[in-house]
Number of protein chains: 4
Amino acid sequence: MGRTVTETARRAQIVQGAIEVLAEVGYAKTSFARIARQAGLSSTGMISYHFAGKDELMREVVAEVWRVSEAYMRPRIAAAEGHRARLRAYIESNIELLAVHPQHLAALLEVLPNLRGDEDTQQGYLESARAVLEFHQRQMQQAQADGGFREFDAWVMATAVRGAIDAVVTRWMTDPQLDPAAVGRELADLFDAATRAEAK
Amino acid sequence: MGRTVTETARRAQIVQGAIEVLAEVGYAKTSFARIARQAGLSSTGMISYHFAGKDELMREVVAEVWRVSEAYMRPRIAAAEGHRARLRAYIESNIELLAVHPQHLAALLEVLPNLRGDEDTQQGYLESARAVLEFHQRQMQQAQADGGFREFDAWVMATAVRGAIDAVVTRWMTDPQLDPAAVGRELADLFDAATRAEAK
Amino acid sequence: MGRTVTETARRAQIVQGAIEVLAEVGYAKTSFARIARQAGLSSTGMISYHFAGKDELMREVVAEVWRVSEAYMRPRIAAAEGHRARLRAYIESNIELLAVHPQHLAALLEVLPNLRGDEDTQQGYLESARAVLEFHQRQMQQAQADGGFREFDAWVMATAVRGAIDAVVTRWMTDPQLDPAAVGRELADLFDAATRAEAK
Amino acid sequence: MGRTVTETARRAQIVQGAIEVLAEVGYAKTSFARIARQAGLSSTGMISYHFAGKDELMREVVAEVWRVSEAYMRPRIAAAEGHRARLRAYIESNIELLAVHPQHLAALLEVLPNLRGDEDTQQGYLESARAVLEFHQRQMQQAQADGGFREFDAWVMATAVRGAIDAVVTRWMTDPQLDPAAVGRELADLFDAATRAEAK
DNA sequence: GATGAATGAGTTTTCATTCAT
DNA sequence: GATGAATGAAAACTCATTCAT
């Protein structure tokens, strides 16, 4: 709020550096020193100057990845018609992100499990994570009500979708020649079969 | 190799402490100091005395969780008859572990993503992880050949199963009143539907 | 490279402290803690902040002693005329350094034998040490060709000169009332006799 | 005094291990742990059990090297006739030790400069070192009195001989294909020329 | 006597943060 | 505002020594 242009640019530069380091070496080895080097800064003090603390920086990383993901996924999901197509679009566009922004999802998976401990941050993260999950839950319940989806526990299904996508991201980190498009299609097929109302 | 009784007992005690700390505070905040306190040791030096380094300790944690999981899951999977029952037994028994050994799976999820970087360790882990995945792949391909499973990419399916289970474990860590048995059943239903040969 | 004034000054201060500690307690007991105390620093962290590691600090110590020695010896050797006078100037000016910079040569003798093990460092040191030795070898061979020196193995002679000087430095460390000037003259006489073309 | 056979054997085994480690990695990196491994002992405690402390072990190392050196050099020096031949025998036999006991002299050079600090040990070492030096001094003064040697400061000459030999040992440590016999002869020639009464 | 386990002070190094300019 | 220097707590690990058996 009320940030100058250079200030905003500096913060973006640092967040970008953090994403790269997180994707490359993992959360445990991501230090201000490493980020500063990556971002071309001369001292770690500069990071502390621009961010209230490590937590704020990490929260910004999450926010940035969210922003990028939303920008890519939302229109693709919106373009889909019907519950099944939307679920497919969600899964496929999410995995396509691997090719578009190779480090963002990896960075996210490094940060999220390590945000706990800090009360406020955790609370905030848990809330938004739960909100997202609940949104998907409601979508699925609507689909069940509309007759397109079979009966299943929506929480478990939404959690499974997330976990499956995350697992693909994780494997892709150590095996980048994986074809995201093909895997995305397969995964969408999988959950299409898992959710589809049974043929009678 | 060639360890005395006392030595073995101490190592087990330290590994147990490490598992507890990992499950409670996460990998990034798991230090020798914290583990020593948890295990009731007077100094961090003792851990270094019994383990060649942090890596060796973490590898032992993985091995211990693996051992415990095997001991619980193997007989339950072996008791199942038919491909579909085996897949169900795999998923359900894995998630049941949350109730039986509440901290082990959580600790595993903390350690695994952070083992990278160390050449030898990672190599070992990647190999065995890939071996497990390939085993499941082959199981599924056999099931497809036998006609019980529909056509799908076995690698994607195996990865999705793992990811879904891990996601449940992760959510359980922040919401322990989740009922593992029920969730396990639901998740097994999910993948039963996802793999089942289509009704005609 | 690209160091600020403050940075350079701090590094010099630390190197000076290291030289003093090395001369006083020897390499084995020279710790960052000891150096920090000697240099009036509040923490050992500061040394790590300014130097990449103990090796870099020790290399800087060697470089500093080398610089000081060169500054003192080079003009005195250059002022000498003829091979025999130059050898004398080399030996005498080297030993005179004991009086001018009492701790520098002692520190050097502590550091040099302990630099081994570190691949890069050792390589660098061995190379420059060999280069110096070879320079002296060539000087002596030239002197032999010019007829002023008798026939002898130049490598052995150069090594003996170095060893004799180092031995004097070592003895001086436990017996500082030794008169460097007098010893230097005697040692120069010794090698003058050892190298002199035989009277016929 | 009053040691059993096994006790004596154990001590010898440890001293031998210490000599090997000292020669290989240098004093600074010579720890009880390293020595225990080298000597095939299961714990460092055993070293402390057999020796009062690190100092005593190091003193034993010095004593052992002395014993071995004496056994080799003394008869060879005794066999020489005349002052000049004796000086030659001293230098040559000392350097020949490099081939006979490759690690002993190297270990000695590592230990000696690091014995300072401990009052008693240092006192003892300094005394015996000074005694040896004085012995050589007297030998040389006798030779001067007998007319075979020219006038020079005997202390400087004795120190130079020691230093030259030590320098050869040091160089040999990093360049073991050096031919000790040849170098010994050259070095003896050198000091023969340096001490010889001038031809008139 | 002899041994393996333990100790706790020590090492270098890295950390996020603060401060003076 | 912005920057490089400094801080001191904490990290993993090693050390020679001690102790219970």
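Numbers restart at 1 for each chain; the letters A, B, ... are given by sequence-line order, proteins then strands.
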### Query
Considering only side-chain heavy atoms of A/Glu7, which listed nucleotide, E/dA6, F/dA2, F/dA6, is closest?
F/dA2

### Message
As a test of understanding, state which of C/Val61, C/Val65, C/Val62 forms a side-chain contact (heavy atoms from CB on, under 4.5 Å) with C/Leu112.
### Response
C/Val62

### Task
Identify, between A/His50 and D/Thr30, the residue whose nearest nucleotide on DNA chain F lies closer to the 5' end.
A/His50

## Note on the structure
Rounded to whole Å, NZ of D/Lys54 lies from P of E/dA9 at a distance of 20 Å

### Query
What is the distance from CG of C/Asp55 to C1' of E/dT11, rounded to the nearest Å?
14 Å

### Side-chain N,O (C/Arg11) to OP1/OP2 (F/dA5) below 4.0 Å
no

### Query
Counting any heavy atom closer than 4.0 Å, what does A/Ser31 reach on the DNA or RNA strands: base, sugar-phosphate only, or nothing?
sugar-phosphate

### Query
When you check the phosphate oxygens OP1 and OP2 of E/dT14, does a side-chain N or O of C/Tyr49 lie under 4.0 Å from one of them?
no

#### Entry: C/Ala33 side chain, from C-beta outward: closest of E/dA5, E/dT11, F/dC13
E/dT11

### Query
Does the base of E/dT17 carry an N or O that pairs as donor and acceptor with the side chain of A/Thr44 under 3.5 Å?
yes

### Query
Any side-chain N or O of C/Arg10 less than 4.0 Å from the OP1 or OP2 oxygen of F/dA6?
yes

### Query
D/Met58 CE to F/dC15 P: how many Å, rounded?
12 Å

### Query
Quick one: which of F/dT7, F/dA12, E/dT11 gets closest to the side chain of C/Ser42?
F/dT7

### Query
Between E/dT12, F/dA6, F/dT3, which one does the side chain of C/Thr6 approach most closely?
F/dA6

### Message
Nearest to the side chain of A/Ser48, heavy atoms from C-beta on, is which of E/dT18, E/dA2, E/dA5?
### Response
E/dT18

### Task
Pick base, sugar-phosphate or nothing for D/Ser43, based on heavy-atom distances below 4.0 Å to the nucleic acid.
base

### Message
Any base atoms under 4.0 Å from C/Arg34, or only sugar-phosphate, or nothing? Heavy atoms, all strands.
### Response
nothing

### Among F/dA2, E/dA5, F/dA12, the one nearest B/Phe32 by side-chain distance
F/dA12

### Query
Quick one: stems for DNA chain F, with Watson-Crick or G-U pairs under 3.5 Å, at least three in a row?
E:2-21 with F:2-21

